[in-house]
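It should be emphasised that the depicted structure is a prediction, and the values quoted were computed from it without experimental measurement.
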Amino acid sequence: QVQLVESGGGLVQPGGSLRVSCAASGSIIRVDTMAWYRQAPGKQREWVVQINSDGIANYDDSVKGRFTISRVNANNTVNLQMNNLKPEDTAIYYCNANVWERRGRRNYWGQGTQVTVSS
């Protein structure tokens with residue numbers, strides 16, 4: 001089994017910055033694509049950004065130019081640097097990853113970390 005643990009959420013003023021992180025641990029052979037989703041109150045969970053094992057990233061238009069995703073720690077950890085934050089970025093941010101284990105390829109979700117953008 002594999003766990004994804006997010007960290008780094010908090011309260012920030014509009015225009016400010018935060019960095020959230022996600023670390024994968026467990027019986028891992030290789031972590032492939034990792035992604036961030038977010039869910040605001042009363043809304044569906046939405047995809048934000050993803051990065052594959054070669055470091056190629058794709059961003060939703062709503063965050064492109066403001067957010068930057070990167071991978072560290074032998075590709076098992078992903079960071080999301082969030083700059084110029086807006087109130088509409090307020091949400092619970094969830095980590096997602098495609099992981100190769102002995103039993104095959106599996107998809108996992110983290111528990112989420114709260115990001116609040118408010119003056």
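- Residues I92 and W47 share a single hydrophobic cluster, defined by chaining ILVMFWY side chains whose heavy atoms lie under 4.5 Å apart.
- Atoms NZ and CZ, on K64 and R66 in that order, are 12.5 Å from each other to the nearest 0.5 Å.
- Note that OG of S53 and CG of N98 are 10.5 Å apart. Values are rounded to the nearest 0.5 Å.
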Return a table of donor-acceptor pairs under 3.5 angstrom between the side chains of residues 22-36 and protein atoms on other chains or two or more places apart.
residue: R30; atom: NE; partner: D32; partner atom: OD1; Å: 2.8
residue: D32; atom: OD2; partner: W100; partner atom: NE1; Å: 2.6

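- Heavy-atom neighbours of R103 CZ from other residues, nucleotides or ligands within 6.0 Å: above the threshold of 12.
- Under the disulfide bond (SG atoms under 2.5 Å apart) criterion, no residue pair touches residues 25-79, with sequence neighbours excluded.
- Within the 4.5 Å cutoff, no side-chain heavy atoms of Q13 are placed close to those of V117.
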Review point. Could you walk me through whether Q81 and N83 pass the side-chain hydrogen bond (donor to acceptor under 3.5 Å, both in side chains) check?
Key: CA-CA 6 Å; Q81 179 66 43; N83 297 326; 3.0 Å; yes
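- Remark: the R38 side chain and the S62 side chain contain an N/O donor-acceptor pair separated by less than 3.5 Å.
- Of the inter-residue distances, the one linking R19 atom CZ with L80 atom CG reads 10.5 Å to the nearest 0.5 angstrom.
- Residue D89 holds its CG atom at 11.0 Å from OG1 of T116, rounded to the nearest 0.5 Å.
- Rounded to the nearest 0.5 angstrom, S118 OG and L85 CG are separated by 12.0 Å.
- Annotation: Q3, atom CD; neighbour count of heavy atoms from other residues, nucleotides and ligands within 6.0 Å does not exceed 12.
- A side chain to side chain contact (heavy atoms under 4.5 Å, CB included) with L4 holds for exactly one of Y108, W109, Y94; it is Y108.
- Using a 4.5 Å heavy-atom cutoff, the side chains of V49 and Y37 are not in contact.
- Considering only heavy atoms from C-beta on, V115 stays 4.5 Å or farther from T90 through its side chain.
- At least one donor-acceptor pair under 3.5 Å links the side chain of R71 to the backbone N or O of N52.
- At distances below 3.5 Å, not a single donor-acceptor pair connects side-chain atoms of E101 with backbone N or O atoms of R105.
- A donor-acceptor pair is defined here as one N or O able to donate and one able to accept, closer than 3.5 Å; such a pair exists between the side chain of Y59 and the backbone of I69.
- Using a distance-only test at 3.5 Å, with no hydrogens or angles considered, no donor-acceptor pair links the side chain of S21 to the main chain of S7.
- Side-chain atoms of M82 and V20, non-hydrogen and from C-beta on, do get closer than 4.5 Å to each other.
- Within 6.0 Å of CD in Q111 there are 12 or fewer heavy atoms belonging to other residues, nucleotides or ligands.
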Practice item. Step by step, work out the side-chain contact (heavy atoms from CB on, under 4.5 Å) result for F67 and D60. Key: CA-CA 10 Å; F67 291 11; D60 182 76; over 6 Å; no
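- Using a 4.5 Å heavy-atom cutoff, the side chains of N107 and V99 are not in contact.
- Atom CD of E88 is surrounded by more than 12 heavy atoms from other residues, nucleotides or ligands within 6.0 Å.
- Between the E6 side chain and the C95 main chain, a donor and an acceptor come within less than 3.5 Å of each other.
- Of all non-hydrogen atoms in Q39 and K43, the two that sit nearest each other are NE2-O, 3.1 Å.
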